[in-house]
Q: 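Quick one: the structure is below, questions incoming.
Throughout, a chain's letter reflects where its sequence line sits, starting with A, and its residues are numbered from 1.
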Amino acid sequence: METLKELLSYKSGFIGIALIVVLSIAAIYSYLAFQKYVGLWRNTNYWSLYPSAVPPEWVSIFNPSAAVPTKFFKPINILKKNLYGSAMNITYIFKINYKWSVPPNDIKILINATYKKFAPAVIIKIFGKGFKVTAIQDTMSNLPNVISLNNYDEAKNNIMNWANLNNINATLPTAAIFRHKGTYYITVSFIGLGKFKASAKVLMDGTVYGLMGTDVFGRDIFIYTMLGLPYGLLIGILTSIIAATWGTLYGLASGYFGGWIDRIMQRILDVWYSIPGLPLLILLTILLKPNIWLIMVLIAVFSWMGVAKVVRSMVLQLKNENYVMASKAVGATSGWIMIKHILPQIAPFMMAQVALGVPGAILTEVSLDFLGLGDPNVPTWGWMLHDANVYGAAVNGYWWWVLPPGIMTALVALGFALIGYAMDVILNPRLREV
Amino acid sequence: MRLKIITLLLFIAASILTFTYPIFSLIFWTSLLVIGFKYNKQLTLMILSRVVDSAIVLLIVLIVTVALFGGTIAQIKKAMIYESVKRTVMSNPQLVEKLGSKINEVIKKLAEQQIKAQGLDKPWYMNLPNYLLSVVTLDLRSQVLTSNSGSRLVRDIIMERLPNTILLFTTATIITAIVGIALGLVAARKRGSFIDKFVTFAALISASFPMWWIGMLSIEIFSYQLKLFPSGGMFSVPPPKQPLALALDFLRHLTLPLLTIVAVSFGGWAYVTRSILVGATKEDYVLAAKARGLAERVILIRHILRPSLPPILTMVALSIIASLSGAIITEIVFNWPGMGLLYWQAIETLDVPVILGLTYMFTLIFVITMLILDVLYIILEPRLRR
């Protein structure tokens, strides 16, 4: 508690703690809010609905007429009509108020119908100022649930034929239809026998999406940047705690017992120090194909040595203090002395080491994921950057894909580095400014 | 004094010979040892024990990597051999027809023959002495990768890449060290000034941004958006013929990665230099020197800089080590044909001999740097010398 108060009195400590608190709250919130997207991380099918690699919505302030937002449309009217006998016609009418000078990336019509025996017929028509085009005329059983005007062959061919007949010069169906600003209508009719249920929705894939845009798979970058936060914090803190705990135990044992135990343990420490971490880490991840928990342990295995060294030198001083001698004289066991007298003294140092170890742990994990060696099922910033690199984000200028994960990584690392620096100053009074 | 010069000359001769004629260098090393034992036994013993330590580290890392490969990779390799044999047999319809139902047996037999020929049937510890010796001398044949000249000798492949890594990272480390230490000195002398604040800011950037991410960004900005520098590699394809144009082309390719590395790392250097110096100014003997009325300059050089030198040297050495292992990803991002990129290529193609050779090289560089560092420490720290 004392340390915390002192920490807050330093500017860097205050900023660091404030940053980490804010990030932790955001992490808890995003985990609760976006939990279901963890499982969808590798589900490219789910995300194919959304536009691929489009910038965030707020770029529209630079060029409002070219930034078509991505948007679901609900029907403005549903008409139900009984035809002869048991036949029925259900028509959904959608209205699109188009006020942009560029066509949307795609129009997707999501249809769903449950029927008993006969699949209903589906007719999709698009109405604009002075034209009408039939995109789809088929039975439900032949159609997929998502009909993309630009990619589903039947719709594409119908619209392009119409465009050719009317001398409209366009390479894509959406470009042929949305040539002008104005009001467009899309009607989806289900015509069938007997009882059936049907629903329809229209999705306009824009040229911009959400807060942070999408990646090439259509994944929402905002959601996964936020989801990276709980994982990033968890990985960084847990790894650092594992490393610091092991380092403390090692340093404690080595310093307290002294003699030949100390000599052997220091030799091992020196040997461990001289092992190149990252190459071996890469090797191990390739051989073991570890999950996220094992990766944390592996990173910790290569980062505990500094703590051990610091703790040992402290223990060497502490064990000759009078109160330790006194309790030894009254017959206290080694374990008792270590837990009651020495550990409380080195605890703040251990905490500083945990804070200082987090940036390294996070950066290492992000690096492993960046190389494509991490746990593929965990949506981390490293994987986002890996995908960005693999799918040529730099060549294509997808800055909205590269910036958020890197900045978030840096923010988490920064928060802990600030706390670590402040604790360093508190614990090494010589660094204090006069 | 004369003794020092002789020792130094002997040391240089021995070091050079180690790389050219290792057998002859032994004479120089032993004579060095004899001189050492005669004039400063304790120091020689200390350095000797560090050398033994380093050798142990090398041996352990080697055994561990060989063991790792012996177990898991042998399985992967066996499967790969089986698959390739199966493919060759299956792609020959006449053979398939001729063999009929016995086909699986034949494939197994052929695969086993190849496995035996590569020595994969024996447990890994049987291959150990053989493997170790060939790894240490880098006398291995690569399985997939070749050097530019077409050689399959791992030594050739690695030696071709080593200068590239050194060109980039040693240059970067030297520039970073000069900039960082100079800034740290200024910041320590004028605490609270603008430069001091800038150093702290730069240090935080160093500590929190991954170098390769800054690299990705700078590629996106400077090579794709502004089209100022090439996006990767060491030379244009095809490289220019004239020597001058070639040198300019190389410099153009070097600039972006070099600037990235320096920009990301100088802050950390400056901050640590500053902390060490600030710590040193608070020592009692500095206060005493001030009280005695010594000149500011004398205090700075004798009482502050001199005792700060060993920790700063540690930093220099540790940074070189860190840059060599951190280099893997930076080299991948910049497509710089150094050892880091080679390591990655070897891992992607599972070229075991190259992986082993490179792991050995990384460890060797690491260990030698640590060793030099320790020896320097011993020489610079008067308390350890006597």
Q: Taking the side chain as everything from C-beta on, heavy atoms only, tell me whether B:Ile347 gets closer than 4.5 Å to A:Leu371.
A: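 They are not in contact (no side-chain heavy atoms under 4.5 Å apart), so the answer is no.
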Q: In terms of heavy-atom contacts, does CH2 of B:Trp344 have more than 12 from other residues, nucleotides or ligands at under 6.0 Å?
A: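 Correct, the count exceeds 12.
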Q: Tell me whether the count of non-hydrogen atoms from other residues, nucleotides or ligands lying under 6.0 Å of CD1 in B:Ile195 goes above 12.
A: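 No, because the 6.0 Å sphere around CD1 of B:Ile195 holds 12 heavy atoms or fewer from other groups.
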Q: More than 12 heavy atoms of other residues, nucleotides or ligands under 6.0 Å from CH2 of A:Trp246: yes or no?
A: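 Counting other residues, nucleotides and ligands, CH2 of A:Trp246 stays at 12 neighbours or fewer.
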Q: Does any heavy atom of chain B fall under 4.5 Å from the side chain of A:Leu403, the backbone, both, or neither of them?
A: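 For A:Leu403, the contact with chain B is made by backbone and side chain together.
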Q: Only pairs of heavy atoms separated by less than 4.5 Å count here; which of A:Val366, A:Ile282, A:Leu385, A:Val395 has the most with chain B?
A: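 Highest number of pairs under 4.5 Å: A:Val395.
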Q: Can you confirm whether more than 12 heavy atoms, excluding those of A:Tyr391, are under 6.0 Å from its OH atom?
A: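 At most 12 heavy atoms, drawn from other residues, nucleotides or ligands, come within 6.0 Å of this atom.
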Q: What part of B:Ile221 gets within 4.5 angstrom of chain A, counting heavy atoms only: side chain, backbone, both, or neither?
A: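 Neither part.
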Q: Could you give the distance from CD1 (A:Ile268) to CD1 (B:Ile60), rounded to the nearest 0.5 Å?
A: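 Output value for this atom pair is 8.5 Å.
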Q: Heavy-atom cut-off 4.5 Å, strictly under: side chain, backbone, both or neither for B:Leu204 against chain A?
A: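 Looking at B:Leu204, backbone and side chain both touch chain A.
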Q: Just verifying a value: how many Å separate B:Glu220 CD and A:Asn396 CG, rounded to the nearest 0.5 Å?
A: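 If I round to the nearest 0.5 Å, the distance is 9.0 Å.
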Q: Using side-chain heavy atoms (C-beta onward) and a distance below 4.5 Å, is B:Ile328 in contact with A:Pro279?
A: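 Counting from C-beta outward, B:Ile328 and A:Pro279 do come under 4.5 Å.
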Q: Apply side chain to side chain contact (heavy atoms under 4.5 Å, CB included) to the pair B:Trp213 and A:Leu363, showing each step before the final yes or no.
A: CA-CA 10 Å; B:Trp213 182 73; A:Leu363 295 190; over 6 Å; no
Q: Crowded around B:Phe201 CZ? As in, over 12 foreign heavy atoms under 6.0 Å?
A: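 Not more than 12 within 6.0 Å, no.
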Q: Are any side-chain N or O atoms of B:Tyr224 and backbone N or O atoms of A:Gly397, one a donor and one an acceptor, separated by less than 3.5 Å?
A: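 It does not hold such a pair.
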Q: Quick check on A:Phe416 against chain B: is it the side chain, the backbone, both or neither that has a heavy atom closer than 4.5 Å?
A: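 Contact with chain B: none, neither part.
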Q: Quick one: OG on B:Ser208 to CD1 on A:Ile407, what's the gap to the nearest 0.5 Å?
A: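 The distance works out to 11.5 Å.
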Q: Can you tell me how far the CG atom of A:Leu283 sits from the CG atom of B:Leu356, to the nearest 0.5 Å?
A: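 The CG atom of A:Leu283 sits 8.0 Å away from the CG atom of B:Leu356.
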Q: To the nearest 0.5 Å, what is the distance between OG1 (B:Thr359) and CG (A:Leu280)?
A: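 B:Thr359 atom OG1 to A:Leu280 atom CG measures 6.5 Å (nearest 0.5 Å).
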Q: Given a strict heavy-atom distance threshold of 4.5 Å, which part of A:Trp272 is in contact with chain B: side chain, backbone, both, or neither?
A: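 The answer is neither part of A:Trp272.
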Q: Can you tell me how the ring of A:Phe370 sits relative to the ring of B:Trp212, calling it parallel under 30°, perpendicular over 60° and tilted otherwise?
A: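 Aromatic pair A:Phe370/B:Trp212 classed parallel.
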Q: Over all heavy atoms of both residues, which pair between B:Phe209 and A:Ala410 is shortest? Give the atoms and the distance, please.
A: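 Where B:Phe209 meets A:Ala410 most closely, the heavy atoms are CE2-CB, 3.3 Å.
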